[in-house]
Amino acid sequence: MTKNKLLELFENHKGEYLSGEAIAQSLGLSRTAIWKNINLLREEGYDIESTKKKGYILNANSDILSKMKLQQFLDKSFPIDHVEMHKVVDSTNKRALASYVAKEKNWIVVASEEQEKGEAKEEASFYSPQGKGVYMSVAIDLNSPMDAMDTIIKQNSEAVRVVIREITQVDTEIGEDNNLYYNNRKLSGIMTQMYIEAESKTIKSMIVGIGIYVHGADEKAIALTEITGEYCNRSELIARVLNKLYAYYGR
């Protein structure tokens with residue numbers, strides 16, 4: 001809890017120096033407790049520097065996936081306890097499916113800093129190095145008719161397209177493969193896997209796998225920061241995409 005409060009303080013003052021005295025007064029912590037919890041945050045990957053006579057600073061471009069940061073932007077009615085954040089997974093799609101089956105809960109979300117075997121359409125792989133992009137999957141109950149399939153697939157791509165435009169003002173196009181492109185270069189991959197009950201001809205559920213190149217991309221693709229030249233927070237992207245999907249399917 002202390003570590004989370006300290007992180008929240010740093011996030012609210014990202015790129016600004018905070019003196020040990022100011023932190024102590026704000027959180028009611030001893031200098032020893034501050035030092036200990038800052039080291040814990042550093043171990044998790046947060047870029048916190050210390051300078052004599054200035055104090056501590058969280059680098060303005062520090063972008064570790066954070067459930068706390070996610071909550072700042074997430075719809076208050078979204079089941080936050082269903083969100084999993086990992087350092088590394090084989091595939092967020094596979095992990096989301098496994099959790100969905102095991103927990104028997106709707107709106108299972110898996111996000112990771114890295115994928116070892118990121119999945120794309122037609123058994124291709126998705127470029128997923130540590131800390132460079134959004135790698136997320138969402139398992140959602142549907143109970144929709146089969147003729148809604150194309151509409152649902154397009155909606156999923158549209159959700160990501162709209163969020164990217166809202167946050168970065170970058171306009172993308174939805175390709176024939178339902179991925180997003182900027183100047184004919186891939187910016188995001190969206191893959192929808194559906195689970196169908198044959199007898200009733202019903203789409204019972206789906207897993208939406210979403211990858212967005214944020215801080216880096218492979219050779220033929222392009223990243224958001226390459227387009228804008230500006231920092232973009234991955235936790236905010238994830239939250240706002242979830243809000244769009246929740247508006248489509250969660251009401």
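In this structure, Ser125 contributes its side chain and Glu119 its backbone to no donor-acceptor pair below 3.5 Å. Side-chain N or O atoms of Lys121 include none that pairs as donor or acceptor with a backbone N or O of Thr192 at under 3.5 Å. Ser66 places a side-chain N or O within 3.5 Å of a backbone atom of Lys69 that can act as its donor or acceptor partner. A donor-acceptor pair is defined here as one N or O able to donate and one able to accept, closer than 3.5 Å; no such pair exists between the side chain of Glu113 and the backbone of Ile64. Listed for the Ser26 side chain is no donor-acceptor partner under 3.5 Å among the backbone atoms of Ala22. Here the side chain of Ser128 pairs a donor or acceptor atom with the backbone of Phe126 at under 3.5 angstrom. No donor-acceptor distance shorter than 3.5 angstrom exists from the side chain of Lys67 to the backbone of Met85, with no hydrogens or angles considered. In this structure a side-chain-to-backbone donor-acceptor pair under 3.5 Å is present from Asn243 to Asp75. Without hydrogens or angle criteria, Thr225 side chain to Val214 main chain gives a donor-acceptor distance under 3.5 Å. Between the Ser157 side chain and the Asn178 main chain, a donor and an acceptor come within less than 3.5 Å of each other.
Residues passing the side-chain hydrogen bond (donor to acceptor under 3.5 Å, both in side chains) test with Glu197 are Ser200, sequence neighbours excluded. For Lys103, the side-chain hydrogen bond (donor to acceptor under 3.5 Å, both in side chains) test picks out Glu84, with sequence neighbours left out. Scored by the side-chain hydrogen bond (donor to acceptor under 3.5 Å, both in side chains) test, Thr92 finds Gln115, Ser137 as partners (sequence neighbours excluded). Applying the ring-ring contact (aromatic ring centres under 6.0 Å, His included) test to Phe10 and every residue at least two apart in sequence or in another chain returns nothing. Residues satisfying the salt bridge (charged side-chain N to carboxylate O under 4.0 Å, His left out) criterion with Lys132, sequence neighbours excluded, are absent altogether. Scanning for side-chain hydrogen bond (donor to acceptor under 3.5 Å, both in side chains) contacts around Glu158 gives Arg161, with sequence neighbours left out. Among residues two or more places apart in sequence or in another chain, the side-chain contact (heavy atoms from CB on, under 4.5 Å) test is passed with Lys36 by none.
Taking 4.5 Å as the limit, every side-chain heavy atom of Val88 sits out of range of all side-chain heavy atoms of Gln130. Taking the side chain as every heavy atom from C-beta outward, Leu27 and Ile34 never approach each other to under 4.5 Å. A 4.5 Å side-chain heavy-atom check between Tyr182 and Ser188 finds every atom pair outside the cut-off. For the pair Asn233 and Lys14, the minimum side-chain heavy-atom distance is below 4.5 Å. Between Leu58 and Glu11 the shortest side-chain heavy-atom distance falls below 4.5 Å.
Nearest heavy atom pair, residue Ala96 against residue Ala139, reads O-CB, 4.3 Å. Taking every heavy atom of both residues into account, Tyr135 and Pro129 meet most closely at OH-O, 2.7 Å. A pairwise comparison of heavy atoms in Ala159 and Tyr248 identifies CB-CE1, 3.8 Å as the closest pair. Taking each heavy atom of Gly189 and Asn179 in turn, the nearest pair found is CA-OD1, 3.2 Å. Nearest heavy atoms, Ile238 versus Ala111: CD1-CB, 3.9 Å. Nearest heavy-atom pair across Arg42 and Ile48 is NE-O, 2.9 Å.
Ion pairing between Lys5 and Glu8 fails under the 4.0 Å rule for side-chain N and carboxylate O.
Atoms CD1 and CD1, on Ile153 and Ile174 in that order, are 12.0 Å from each other to the nearest 0.5 Å. Taken to the nearest 0.5 Å, the CG atom of Leu180 stands 9.5 Å off from the CD1 atom of Ile210. For the atom pair Leu187 CG and Glu226 CD, the distance stands at 10.0 Å (nearest 0.5 Å). Distance CG/Leu18 to OG/Ser50: 12.5 Å, rounded to 0.5 Å. The CG atom of Leu7 sits 4.5 Å away from the OH atom of Tyr46 when rounded to the nearest 0.5 Å. Atom CD1 in Ile212 sits 7.5 Å away from atom CE in Met136 (nearest 0.5 Å).
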Show every donor-acceptor pair shorter than 3.5 Å between a side-chain atom in residues 140-149 and any protein atom, with sequence neighbours excluded, or say none if there are none.
residue : atom : partner : partner atom : Å
Asp141  : OD1  : Tyr100  : OH           : 2.2
Asn143  : OD1  : Lys204  : NZ           : 2.8

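Other members of the cluster containing Met191 do not exist, because no ILVMFWY side chain is joined to it at under 4.5 Å. Under a 4.5 Å side-chain heavy-atom criterion applied to ILVMFWY residues, the cluster that includes Leu40 comprises that residue alone. Using a 4.5 Å cut-off between side-chain heavy atoms of Ile, Leu, Val, Met, Phe, Trp and Tyr, Leu97 falls into a hydrophobic cluster with Val101, Tyr195, Ile207.
In this structure, Glu21 places its CD atom where only 12 or fewer heavy-atom neighbours from other residues, nucleotides or ligands lie under 6.0 Å away. The local environment of NZ in Lys154 is crowded, with over 12 non-hydrogen atoms from other residues, nucleotides or ligands closer than 6.0 Å. Other residues, nucleotides and ligands contribute more than 12 heavy atoms inside 6.0 Å of the NZ atom of Lys87. Within 6.0 Å of CD in Glu173 there are 12 or fewer heavy atoms belonging to other residues, nucleotides or ligands. Within 6.0 Å of CG in Asp81 there are more than 12 heavy atoms belonging to other residues, nucleotides or ligands.
Both Val170 and Val163 are assigned to one and the same hydrophobic cluster, defined by single-linkage of ILVMFWY side chains at heavy-atom distances under 4.5 Å. Following chains of ILVMFWY side-chain contacts shorter than 4.5 Å, one cannot reach Val89 starting from Leu70, and the two form parts of different hydrophobic clusters. The hydrophobic clustering, which links ILVMFWY residues whose side-chain heavy atoms are closer than 4.5 Å, places Ile108 and Ile203 apart. Note on Phe73: it does not cluster hydrophobically with Leu65, by side-chain heavy-atom contacts below 4.5 Å among ILVMFWY residues. Under the 4.5 Å side-chain heavy-atom criterion for Ile, Leu, Val, Met, Phe, Trp and Tyr, Leu224 and Val241 are members of the same hydrophobic cluster.
Pairs engaging residues 207-222 under the side-chain hydrogen bond (donor to acceptor under 3.5 Å, both in side chains) rule: Asp63-His215 [sequence neighbours left out].
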key: Derivation and outcome, side-chain contact (heavy atoms from CB on, under 4.5 Å), residues Lys3 and Leu41   = CA-CA 7 Å; Lys3 182 183 70 175; Leu41 291 172; 3.5 Å; yes

request  = Could you walk me through whether Glu122 and Asp177 pass side-chain contact (heavy atoms from CB on, under 4.5 Å), step by step?
outcome  = CA-CA 11 Å; Glu122 298 180 357; Asp177 56 3; over 6 Å; no

key: side-chain contact (heavy atoms from CB on, under 4.5 Å) between Ile222 and Ile227, worked out   = CA-CA 8 Å; Ile222 192 167; Ile227 300 168; 3.6 Å; yes

query = Given the rule in the side-chain contact (heavy atoms from CB on, under 4.5 Å) test, do Glu230 and Thr168 qualify, once you have shown the distances and angles that lead to the verdict?
reply = CA-CA 9 Å; Glu230 297 179 356; Thr168 68; over 6 Å; no

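Judged purely by distance below 3.5 Å, without hydrogens or angles, the side chains of Tyr249 and Asn156 pair a donor atom with an acceptor atom.
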